[in-house]
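In what follows, a single structure is set out as structure tokens and then discussed.
In this text, all values refer to a predicted model and were calculated from it rather than measured experimentally. Every chain is numbered from 1, with letters handed out A, B, ... down the list of sequences.
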Amino acid sequence: MTLRLYNTATRTKEDFIPLQEGKVGIYVCGVTVYDYCHIGHARSAIVFDVLVRHLRAKGYDVTYVRNFTDVDDKIIERAKLTGKDTGTLAREFIHAFYEDMGALGILKADVEPRATEHIDGMIEMIAALLERGHAYVSGTDVYFSVESYKGYGQLSGRKLEDMKAGSRIAVDEHKRHPMDFVLWKAAKPGEPRWDSPWGPGRPGWHLECSVMSNCYLGPTFDIHGGGRDLLFPHHENERAQSVCANGGEFARYWVHNGFVTVESEKMSKSLGNFLTIRDALKEYLPEVLRLFLLSKHYRGPLDFSKSDVQSLQAGLVRIYRTFQRMDELFGSSPGVSDADSGSPFLDRFVEMMDEDLNTGGAIGLIFEKVREMNRVMDAAEGGLDQETRVALEKDRQQILEAGRTLGLFRERPADFFARLADLSPRIDPHEIENLIEQRRVARSQKNWAAADAIRDRLKGMGIVLEDGPRGTTWRLDV
RNA sequence: GGCGGCAUAGCCAAGAGGCUAAGGCAGCGGUCUGCAAAACCGUUAUUCACCGGUUCGAAUCCGGUUGCCGCCUCCA
């Protein structure tokens with residue numbers, strides 16, 4: 001089966017055929033490390049994490065490159081504000097990035113280069129662009145000339161003439177064309193600087209991705225990813241530089257993820273709805289966020305609303321409850337040889353994922369499977385025969401397999417529910433156990449009124465009781 | 001002003017020419033239970049923003065209308 005990917009460059013879904021059979025090179029624009037990552041960064045990271053996992057599950061040998069932008073105007077500005085030097089600031093937020101993304105189960109990329117490690121390569125690329133007539137020195141800076149590249153605008157689907165007419169482009173006397181962009185920027189006093197043939201300064205933002213992708217993946221590679229907003233100007237500029245300097249095709253498939261809004265509003269610091277990953281993790285479990293962010297197709301916009309996240313949480317709870325029920329029924333893992341191939345469920349799952357990463361549809365499949373498993377367990381009230389046990393375990397293994405691609409179901413059910421309970425710190429297990437014991441006594445005397453009063457009291461505390469054959473258990477009402 | 005996207009039940013969301021329009025959440029009825037909870041069963045869109053067109057056949061393709069949204073400036 002062939003993966004089909006929507007290619008922003010052609011605006012159509014295409015069969016994914018890698019440059020070299022069996023191998024995939026993918027470059028994803030990472031973050032600028034001057035602040036904590038927000039839920040939008042999380043979506044992007046998860047989308048490409050899932051893309052890479054899916055490619056690997058399909059047997060591809062993937063080289064995944066994701067950069068850190070650790071020199072940039074915003075970092076310099078933030079460093080000034082906090083009195084730190086830019087290197088320290090960048091290191092701190094790279095550390096925070098790993099903490100946040102690690103919590104969300106996002107795998108590390110194979111190569112995670114930092115812009116400041118590739119200054120030499122950037123200087124070389126600027127020299128090459130100057131030599132080929134695609135760049136010019138103006139004052140203390142070096143600019144890329146967009147008019148020197150006839151393909152400029154092709155990727156994002158715009159024409160230079162249209163952009164010239166746009167009123168939002170600031171006129172800059174140093175530029176030959178308003179859309180020309182800086183390749184090398186002279187350092188002002190106190191700013192980080194590197195020596196170059198054009199004087200001390202720092203590279204322009206777009207340059208690093210051109211240099212690093214070329215360094216690790218070559219002048220032509222398979223997939224380039226990033227947020228929708230990076231399409232223009234960043235990706236357009238990146239492509240222009242790379243094609244002009246290296247002569248390759250640059251990226252063959254462009255994959256862009258849609259934006260996250262919060263309660264229907266775009267995240268912005270002025271609105272105060274800037275939701276960081278670490279804040280979101282105070283309220284929701286990592287897998288709840290992950291499931292939520294994957295519940296909708298990656299290309300569309302996604303609104304992060306409390307009620308929608310909670311409805312996905314309720315669904316995830318049901319899935320884990322099913323796993324827990326199996327554990328109770330026959331221990332944590334009876335061990336099933338996964339040798340037997342031929343799984344209609346996994347075939348359908350892969351088929352869904354192959355269709356431009358239809359994670360929403362794939363999740364639907366998982367829920368159907370979960371219902372089927374519960375049905376089987378309901379039916380086998382008296383006890384499970386060996387055949388049924390094996391079938392159930394096989395089902396579980398298949399869901400876990402699908403979960404490995406989505407980065408879900410990594411927890412043991414007991415841990416999942418414990419962590420869920422930990423998010424509500426107000427509860428006192430001793431008090432609850434005590435009340436349950438009182439209720440047990442009342443129930444044994446068939447004093448239903450007293451028993452129900454206790455249950456109502458716990459209900460008011462957000463605790464739900466479940467009376468089972470082996471006594472009463474409690475859980476948080478979710 | 002330029003370019004692009006989206007509109008499917010109470011909410012979220014798959015489906016991209018033809019089997020009864022996935023799935024989740026919420027609701028309602030039922031099985032189970034002392035009563036509940038959980039789980040399961042049933043139920044909730046004769047219809048996919050609106051109007052035309054193409055077709056034997058359209059939620060899916062084409063044109064138009066309306067309404068949201070994004071990018072065009074640093075941004076995942």
Phosphate oxygens OP1/OP2 of B:C35: is one of them under 4.0 Å from a side-chain N or O of A:Arg455?
no
For B:A76, does OP1 or OP2 lie under 4.0 Å from any side-chain N or O of A:Asn257?
no
Identify whether any heavy atom of A:Arg439 sits under 4.0 Å from a base atom; if not, whether one sits that close to sugar-phosphate; answer base, sugar-phosphate or nothing.
base
So, is A:Lys306 close to the B:C12 phosphate, meaning a side-chain N or O under 4.0 Å from OP1 or OP2?
no
Whole angstrom is fine here: how far is it from CG in A:Asp70 over to P in B:C74?
19 Å
Return whichever of A:Gly468 or A:Phe48 has its heavy-atom-nearest nucleotide of RNA chain B closer to the 5' end.
A:Gly468
Measuring from A:Phe274:CZ to A:Lys266:NZ, what's the distance to the nearest 0.5 Å?
10.5 Å
Member of A:His174, A:His234, A:His206 meeting the ring pair (Phe, Tyr, Trp, His ring centres under 6.0 Å) criterion with A:Phe181
A:His206
Please report the distance, rounded to the nearest Å, between CD in A:Gln313 and C1' in B:G23.
18 Å
Would you say A:Arg318 reaches B:C40's phosphate, i.e. side-chain N/O to OP1/OP2 under 4.0 Å?
yes
Check: A:Ser156/A:Arg158 side-chain N/O donor and acceptor closer than 3.5 Å:
yes
Among B:C71, B:C40, B:A76, which is the nearest nucleotide to the side chain of A:Arg158?
B:C71
Using a heavy-atom cut-off of under 4.0 Å over every strand shown, decide if A:Ser295 touches base, sugar-phosphate, or nothing.
sugar-phosphate
Quick one: CD1 on A:Ile363 to CZ on A:Phe349, what's the gap to the nearest 0.5 Å?
8.5 Å
Distance between the P atoms of B:G10 and B:G18, in whole angstroms?
26 Å
If you look at every strand shown and take non-hydrogen atoms under 4.0 Å, does A:Gly30 touch a base, only sugar-phosphate, or nothing?
sugar-phosphate
Assuming nearest nucleotide by heavy-atom distance, tell me which of A:Gly364 and A:Tyr298 is located more 5' along RNA chain B.
A:Tyr298
Consider salt bridge (Lys or Arg N to Asp or Glu O under 4.0 Å). Of A:Arg412, A:Arg321, A:Arg396, which one does A:Asp327 pass it with?
A:Arg396
Between B:A45 and B:C56, how far apart are the P atoms? Round to whole Å, please.
32 Å
Taking only N and O in the side chain of A:Asn358, is any of them less than 4.0 Å away from OP1 or OP2 of B:G15?
yes
Tell me the interatomic distance from A:Leu316, atom CG, to B:C25, atom P, rounded to whole angstroms.
11 Å
Inter-nucleotide C1' distance (B:U47, B:U8), Å rounded
9 Å
How many whole angstroms separate atom CD of A:Gln154 from atom P of B:C72?
21 Å
From the set B:A76, B:C41, B:G23, return the single nucleotide nearest to any side-chain atom of A:Arg375.
B:C41
The side chain of A:Lys266 is closest to which nucleotide in this list: B:C71, B:A13, B:G34?
B:C71
Just checking A:Phe68 against A:Tyr98, ring centres under 6.0 Å apart?
yes
Determine which nucleotide pairs with B:A9, using a 3.5 Å limit on both distances of a Watson-Crick or G-U wobble pair.
none
Return the nucleotide paired to B:G29: Watson-Crick means purine N1 to pyrimidine N3 with N6-O4 or O6-N4, wobble means G-U with N1-O2 and O6-N3, both under 3.5 Å.
B:C41
With no hydrogens and no angle check, do the side chains of A:Thr388 and A:Asp385 hold a donor and an acceptor under 3.5 Å apart?
yes
Listed nucleotide nearest any side-chain atom of A:Ser311, set B:C25, B:G34, B:A76
B:C25
Tell me whether A:Glu236 contacts the main-chain N or O of A:Gly153 through its side chain, where contact means a donor paired with an acceptor under 3.5 Å.
yes
B:G4 P sits how many Å from A:Tyr6 OH, rounded?
10 Å
Just the rounded figure in Å: distance from P of B:A76 to CD of A:Glu238.
13 Å
Interatomic distance, A:Glu236 CD vs B:C3 C1' [rounded to whole Å]
12 Å
Describe the nucleic acid contact of A:Gly157 in one word from base, sugar-phosphate, nothing, applying a heavy-atom distance below 4.0 Å.
sugar-phosphate
Looking at every strand, decide which applies to A:Val47 at a 4.0 Å heavy-atom threshold: base, sugar-phosphate, or nothing.
nothing
With sugar-phosphate meaning primed atoms plus P, OP1 and OP2, does A:Leu312 contact a base, only sugar-phosphate, or nothing at under 4.0 Å between heavy atoms?
nothing
Expressed in whole Å, how much space separates the P atoms belonging to B:G15 and B:G70?
23 Å
Base, sugar-phosphate, or nothing for A:Arg299, non-hydrogen atoms under 4.0 angstrom?
nothing
Looking at B:A36, which nucleotide sits across from it as a Watson-Crick or G-U wobble partner, both distances under 3.5 angstrom, or is there none?
none
If we take the P atom in both B:G63 and B:C25, what is their distance in whole Å?
39 Å
I'd like the P distance from B:U20 over to B:A58, given in whole Å.
14 Å
Using a 4.0 Å heavy-atom cut-off across all strands, classify A:Asn374 as base, sugar-phosphate, or nothing.
sugar-phosphate
Which of these nucleotides, B:C25, B:C72, B:A39, is closest to any side-chain atom of A:Arg321?
B:A39
If we call it a pair only when both distances are under 3.5 Å in a Watson-Crick or G-U wobble match, what pairs with B:U55?
none
Nearest-neighbour nucleotide for the A:Arg325 side chain, B:C12, B:A39, B:A13 considered:
B:A39
Mind checking if A:Gly40 touches a base, just sugar-phosphate, or nothing, with heavy atoms under 4.0 Å?
base
Determine, answering yes or no, if A:Phe259 is stacked on B:G70 under the 5.5 Å centre rule and the 30° plane rule.
no
Of A:Lys80, A:Arg202, A:Arg78, A:Lys188, the residue whose pairing with A:Asp73 passes salt bridge (Lys or Arg N to Asp or Glu O under 4.0 Å):
A:Arg202
Counting Watson-Crick and G-U wobble pairs only, both distances under 3.5 Å, name the nucleotide matched with B:G70, or none.
B:C3
In whole Å, what is the span from the CG atom of A:Leu302 to the C1' atom of B:C11?
14 Å
Nucleotide nearest A:Arg371 when distance is taken to its side chain, options B:C25, B:C41, B:A76
B:C41
Mind checking the P distance from B:G2 to B:A49? Whole angstroms is fine.
26 Å
A:His297 has its side chain closest, among B:A37, B:C71, B:A14, to B:A14
So, does A:Lys446 get its side chain near the phosphate of B:G34, meaning an N or O under 4.0 Å from OP1 or OP2?
no
A:Lys74, nearest nucleotide to its side chain (from B:C12, B:C25, B:C74)
B:C74
Tell me whether the side-chain N or O atoms of A:Asp72 pair up with the base of B:C74 as donor and acceptor below 3.5 Å, since no angle test is needed here.
no
Base, sugar-phosphate alone, or nothing: which one does A:Asp467 contact when heavy atoms must sit under 4.0 Å apart?
base
B:U65 and B:C19: how far apart are their C1' atoms, nearest whole angstrom?
34 Å
Within the distance-only criterion (no hydrogens, no angle test), does the side chain of A:Asn358 pair as donor or acceptor with the backbone N or O of A:Met352 below 3.5 angstrom?
no
